[in-house]
Student: 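Quick one: structure below, then a few questions.
Just so we're clear, the structure is a prediction, and the values are computed from it rather than from any experiment. No hydrogens, no waters, no symmetry mates; every other heavy atom, side chains included, goes into these values.
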Amino acid sequence: MAKTAVYLPLAKFQSTLLPLPRPGSTLSHLMPRARDFTKIAGLRSEKEISRNFAAIVNGKSGKEPKGICPGYKIALSEDRYDLKDEKRLKIDGALYHEDDIPKDGRPRWEKQRLLVEFKRGATQYDPFHDMETTTVMTDDRKEVYGQIGDYVAHAFACQQRTALFLLLVMGTMARMTRWDHSGVIYTDAIDYVENSATLRDLIWGFTLLPLEKQGFDLTASVISTDTDDYNLMDDVALPQETDLPFDEGSPVPARATGEPAPVFAYVREMFAKSLPNDWPRWRLLVPTPAGPRTFLVGKPVFQAPGPIGRCTRGYVALDPDSKCFVWLKDTWRPNYLGVDPEGNVLQRLRDLHVRNIPTSVCHGDLDGQDTQSPQFFQPTKRTKRQKLVHNVTVPSTSLPFVSEGTALCGVQWAKDGKVERVESAYEDGEDIRLRHLRHYRLVVAEVGLPLQDFTCGRELVSVIRDCVRAHSDAATSGAKMLHRDISIGNILIHPTVEIQQDGSCRVVRRGMLTDWELAKPLCDDKLKECQRQPERTGTWQFISAFSLDNPTVPMKIEDDLESFFHVTLYVAVRYLRHNCGGVNFFLTDFFDSYSTKEDGKYYCGSAKRSSMTDGKIVLIGNARLVFQEKDGRATHWLTAIMFEMLPWFQGRYALLEEPALEIRFRPSQKPAGPTAERAIAEERAKKLSDHVELLALLDEYLEAPWPEDDKVGDQLLQSVVRAEDEAEAKAEAQVEKADELPDATAARKVAKTKRRPVHAVGEDVEAERPAKRQTKRKPVPEDEDPAPARSTRKRSGYVRQRGNLKAGVAKVAKSRKK
């Protein structure tokens with residue numbers, strides 16, 4: 001966590017980020033008077049602190065009729081959440097423009113200018129206090145850091161922003177923070193009771209900033225309801241008779257020359273779902289050499305969690321000129337020498353006739369929108385006792401809100417496309433630096449379906465085969481590019497219309513390999529000396545075991561082919577019929593688990609590593625994983641495919657661990673030539689050196705007859721439901737037991753019992769955080785459902801369960817009365 005936090009002395013923070021007017025200027029004469037916060041010094045509860053603080057700042061306390069930030073007000077919302085917020089976050093308050101102040105006591109996330117969070121005490125709940133003295137946080141401070149990170153992430157998600165300010169008030173102390181997607185800048189803690197003028201300068205200075213300096217993205221503008229663009233979005237969202245079906249083999253009418261291409265029904269449906277009434281619509285500008293182009297979007301179809309990282313958003317967008325639907329990707333890309341924008345990579349691959357990849361329409365960096373926190377970061381030396389977290393999705397409680405990866409070490413960030421200094425990453429004593437990110441938008445012509453929408457096992461394997469073919473074309477063409485981020489989210493199903501041999505037109509669903517932003521050339525001598533980015537990239541669950549254990553070794557074709565295997569395994573175990581009884585446990589153990597060593601780094605979990613080294617996937621009870629027909633027979637073709645591939649990986653890992661392979665021979669007995677065991681390993685490993693053997697294997701099995709009813713639904717969700725049913729049964733049993741106790745005793749027994757969280761795998765889902773400590777709790781209004789927690793946090797590998805056993809018992813008791 002401390003790796004993404006940057007300390008900036010208060011004076012420098014003010015002069016660079018919140019500058020005040022020059023003395024003698026017109027604005028300087030409008031500076032409001034400092035206020036007296038003395039009454040807060042004796043307060044102990046957070047609610048008392050927040051209410052008095054807001055009243056003083058707003059000018060509603062004492063003899064001061066005006067506040068210290070004219071035109072702005074602090075609105076509190078500690079007891080209520082936004083009704084359209086599924087996570088039910090209850091931030092203490094925020095600074096709003098006077099035209100946007102909420103009247104119902106709920107937060108309006110889309111209108112907040114500056115977030116405000118209150119804590120009682122001074123340093124007990126100050127997460128940045130630890131960062132000044134050590135890299136280890138106390139549990140209370142870690143909890144607060146995750147909590148405010150949740151708030152910042154949600155505010156980023158609800159607005160179009162480049163940065164966000166948050167004021168953290170802890171009793172009589174306060175810190176100002178500024179968040180961007182590289183990290184967070186924080187000031188000294190100030191005693192605002194003793195130095196009220198300093199607090200006045202921070203808040204008033206913020207209100208003087210133009211919108212761009214406050215962190216708003218001016219390349220995005222809200223579409224008003226009374227505009228032509230708003231009406232156009234409503235019109236094109238309506239189903240049309242010409243919309244095409246998207247089932248495999250569906251017949252479609254032939255299109256006449258010059259006739260506009262029809263739209264697949266699922267694309268229009270996805271666009272319509274992105275236009276809820278409670279979400280703003282936006283015009284987004286995309287830079288091009290011919291000038292900026294405008295696209296209309298609603299709610300993102302995909303939103304990466306967390307405020308720090310690439311923070312990618314995906315939209316089904318509308319081109320207002322052509323009235324065509326496209327896919328718009330909004331992301332923060334690493335800005336380093338040799339790291340090409342994804343649009344350039346796609347265009348180069350297209351020019352080389354690489355199949356099954358997206359078609360770039362336009363793309364570009366947004367001028368002036370670079371993360372600023374790396375500029376203020378002071379390099380430090382990494383020691384063996386400090387944890388180094390690579391750019392992967394790690395299911396660790398020590399990473400509360402990292403999005404796709406956190407910024408680390410190795411390369412000094414580029415200024416205007418020039419790299420000042422490049423270092424070899426991951427060496428002992430290296431400099432630790434934040435990643436320099438630049439705001440980037442890419443528009444591609446294709447809008448695909450998620451891989452989870454496959455209809456049967458054969459289609460799953462067919463889609464994987466098409467993406468392996470795309471990977472092969474890219475690796476063997478003139479570009480010689482390696483994708484390096486094979487994951488479930490980057491493999492899509494793309495329905496197309498193809499002319500059959502009989503002249504008819506039918507729908508053919510093919511695989512499409514997307515998200516080439518992390519791709520790199522396979523053959524580049526410079527890559528042997530240094531890495532282009534300061535950290536390993538990828539998605540933890542699907543990175544090869546070797547790469548997880550050896551993050552400094554450049555990836556090879558073998559690693560990406562192993563990632564294809566892991567994606568196939570994950571999806572198949574989750575959706576197909578098999579002999580694995582504990583899907584939830586298996587997916588967690590195989591894909592989300594990790595191990596650590598004395599150096600504090602994260603490495604591959606034992607289940608994934610052993611499956612590669614042993615050449616088999618073993619379940620509880622030592623049974624091997626097999627996929628089954630409807631009658632229970634283990635004759636599914638996917639079983640055969642995996643049984644053939646696993647020895648390939650076993651051979652590769654045997655060669656990678658060559659000393660262990662040959663340790664059985666004493667020096668005097670070691671054969672002069674290759675042993676039979678080594679020859680077998682080499683023969684197997686050679687099948688992964690290129691794509692020929694894998695493509696031949698998949699093509700061969702796809703010619704065989706496959707069962708059509710082998711997809712049985714999401715078994716991960718089914719296991720979670722079963723766990724919830726068990727918890728409900730326990731609640732009912734608790735009621736039965738409570739009936740035998742006196743009323744007061746039963747109430748205490750039930751109140752002390754809580755439901756334990758259920759673990760899941762590979763999902764961006766939420767875990768409860770304990771309620772914020774308060775001396776008193778205000779009764780919940782009648783129009784509001786009781787929130788389960790003060791805040792929630794997104795963590796890979798957890799499923800949020802709202803409420804506790806007390807609520808479950810009450811529900812069961814109520815049903816029994818009926």
Student: Parallel, tilted or perpendicular: which describes the rings of Trp637 and Tyr701, with under 30° parallel and over 60° perpendicular?
Tutor: tilted
Student: Tell me, yes or no, whether the heavy-atom count around Glu708 atom CD, taken from other residues, nucleotides or ligands under 6.0 Å, exceeds 12.
Tutor: no
Student: Check this for me: does any side-chain nitrogen of one of Asp340 and Arg348 sit under 4.0 Å from a carboxylate oxygen of the other?
Tutor: yes
Student: Quick check: Phe246 with Phe264 (ring centres under 6.0 Å apart)?
Tutor: no
Student: Side chains of Asn344 and His363: donor-acceptor distance under 3.5 Å anywhere?
Tutor: yes
Student: Can you see which heavy atom on Tyr230 is nearest to which on Ser224, and at what distance?
Tutor: CB-O, 3.2 Å
Student: Looking at Asp235 and Lys323, does any basic side-chain N land under 4.0 Å from a carboxylate oxygen?
Tutor: no
Student: Ion pair present between Arg293 and Asp319, side-chain N to carboxylate O less than 4.0 angstrom?
Tutor: yes
Student: Cys505 versus Gln500: any side-chain heavy-atom pair under 4.5 Å?
Tutor: no
Student: Can you check whether Val222 reaches Trp282 side chain to side chain, under 4.5 Å on heavy atoms?
Tutor: yes
Student: If you count the non-hydrogen atoms of other residues, nucleotides and ligands that lie under 6.0 Å from CG in Asp502, is the total more than 12?
Tutor: yes
Student: Compare all side-chain heavy atoms of Ser274 with those of Val297 and state whether any distance is below 4.5 angstrom.
Tutor: no
Student: Can you classify the ring geometry of His154 versus Trp109 as parallel (below 30°), tilted (30 to 60°) or perpendicular (above 60°)?
Tutor: perpendicular
Student: Checking Cys362 against Phe295 for the side chain to side chain contact (heavy atoms under 4.5 Å, CB included) test, could you report, in this order, the C-alpha distance in whole Å, the side-chain angles of both residues, the deciding distance, and whether it holds?
Tutor: CA-CA 11 Å; Cys362 60; Phe295 294 89; 3.8 Å; yes
Student: Could you report the tightest heavy-atom contact between Ala572 and Leu638, atom names first, then the distance?
Tutor: CB-CD2, 3.4 Å
Student: Tell me whether Gln159 contacts the main-chain N or O of Gln112 through its side chain, where contact means a donor paired with an acceptor under 3.5 Å.
Tutor: yes
Student: Answer with yes or no whether the side chains of Asn490 and Ser487 bring together a donor and an acceptor at under 3.5 Å.
Tutor: yes
Student: Would you say Ser182's side chain and Arg435's backbone share a donor-acceptor pair under 3.5 angstrom?
Tutor: yes
Student: With a 3.5 Å distance limit and no angle check, can you tell me whether Asp243 reaches the backbone of Gln240 through a side-chain donor-acceptor pair?
Tutor: yes
Student: Can you tell me if CG on Asp367 sees more than 12 non-hydrogen neighbours from other groups inside 6.0 Å?
Tutor: no
Student: Rounded at 0.5 Å granularity, tell me how far CZ in Phe564 sits from NE2 in His471.
Tutor: 5.5 Å
Student: Are more than 12 heavy atoms from other residues, nucleotides or ligands located less than 6.0 Å from atom CD1 of Ile499?
Tutor: no
Student: Could you pull out the closest heavy-atom pair between Ile491 and Leu451, with the gap in Å?
Tutor: O-CB, 3.4 Å
Student: Could you tell me whether a side-chain N or O of Glu248 sits under 3.5 Å from a main-chain N or O of Arg509, the two making a donor and an acceptor?
Tutor: yes
Student: Show your reasoning for whether side chain to side chain contact (heavy atoms under 4.5 Å, CB included) applies to Tyr315 and Val326.
Tutor: CA-CA 8 Å; Tyr315 300 90; Val326 293; over 6 Å; no
Student: To the nearest 0.5 Å, how far apart are CD1 in Ile493 and CG in Asp453?
Tutor: 6.0 Å
Student: What verdict does the side chain to side chain contact (heavy atoms under 4.5 Å, CB included) test give for Val571 and Gln452, after you've listed the backbone C-alpha separation in whole Å, the side-chain angles of each residue and the deciding distance to 0.1 Å?
Tutor: CA-CA 7 Å; Val571 178; Gln452 299 92 312; 5.6 Å; no
Student: Less than 4.0 Å between a side-chain N and a carboxylate O, is that true for Glu498 and Arg510?
Tutor: yes
Student: Where is the tightest heavy-atom contact between Gly298 and Leu275, given as atom of each residue plus distance?
Tutor: CA-CD2, 4.0 Å
Student: Would you check, one step at a time, whether the test side chain to side chain contact (heavy atoms under 4.5 Å, CB included) holds for Val339 with Asn335?
Tutor: CA-CA 7 Å; Val339 179; Asn335 184 35; over 6 Å; no
Student: Any idea which heavy atoms bring His494 and Met512 closest together, and the distance?
Tutor: CB-CB, 4.1 Å
Student: Report the relative orientation of the aromatic rings in Phe542 and Tyr570; use parallel for angles under 30°, tilted for 30 to 60°, perpendicular for over 60°.
Tutor: perpendicular
Student: Does any donor atom in the side chain of Asp229 or Thr227 lie under 3.5 Å from an acceptor atom in the other side chain?
Tutor: no
Student: Would you say the side-chain atoms of Arg268 pair up with the backbone N or O of Val236, donor to acceptor, closer than 3.5 Å?
Tutor: yes
Student: Between atom CD1 of Ile357 and atom CG of Leu346, what is the distance when rounded to the nearest 0.5 Å?
Tutor: 5.5 Å
Student: Does atom CG of Asp278 have more than 12 heavy-atom neighbours, drawn from other residues, nucleotides or ligands, at distances under 6.0 Å?
Tutor: yes
Student: Taking NZ, NE, NH1 and NH2 as the nitrogens, is one of them in Asp100 or Arg108 under 4.0 Å from a carboxylate oxygen of the other?
Tutor: no
Student: If you look at every heavy atom in Gly306 and Cys311, which pair is closest and at what distance?
Tutor: O-SG, 3.5 Å
Student: Please confirm whether the backbone N or O of Asp466 pairs with a side-chain atom of Asn356, one donor and one acceptor, at under 3.5 Å?
Tutor: yes
Student: Counting distance only, does the side-chain N/O of Asp370 pair as donor-acceptor with the main-chain N or O of Arg438 below 3.5 Å?
Tutor: no
Student: Mark yes or no for whether Asp473, through its side chain, and Arg355, through its backbone, hold a donor-acceptor pair below 3.5 Å.
Tutor: yes
Student: First locate atom CZ of Arg310, then atom NZ of Lys329, and finally report the distance between them rounded to the nearest 0.5 Å.
Tutor: 7.0 Å
Student: Please round to the nearest 0.5 Å and tell me the distance separating atom CG of Leu522 and atom CG of Leu482.
Tutor: 5.0 Å
Student: We want to know whether Thr371 and Asp180 form a side-chain donor-acceptor pair, criterion being a heavy-atom distance below 3.5 angstrom.
Tutor: no
Student: Is it true that a side-chain atom of Lys711 and a backbone atom of Phe454 form a donor plus acceptor pair closer than 3.5 Å?
Tutor: yes
Student: Within a strict 4.5 Å, meaning less than it, do heavy atoms of the Gln369 and Thr219 side chains meet?
Tutor: yes
Student: Is a donor on one side and an acceptor on the other found under 3.5 Å between the side chain of Ser360 and the backbone of Gln347?
Tutor: no
Student: If you measure from the Lys or Arg side-chain nitrogens to the Asp or Glu carboxylate oxygens, is any gap between Asp82 and Lys84 under 4.0 Å?
Tutor: yes
Student: Does either side chain, that of Arg350 or that of Thr359, offer a donor lying less than 3.5 Å from an acceptor on the other one?
Tutor: yes
Student: Taking atom NZ of Lys213 as the centre, report whether more than 12 heavy atoms of other residues, nucleotides or ligands fall under 6.0 Å from it.
Tutor: no
Student: Are Arg333 and Asp365 within salt-bridge range, i.e. N to O under 4.0 Å?
Tutor: yes
Student: I need the Leu285 CG to Asp217 CG distance, nearest 0.5 Å.
Tutor: 8.5 Å
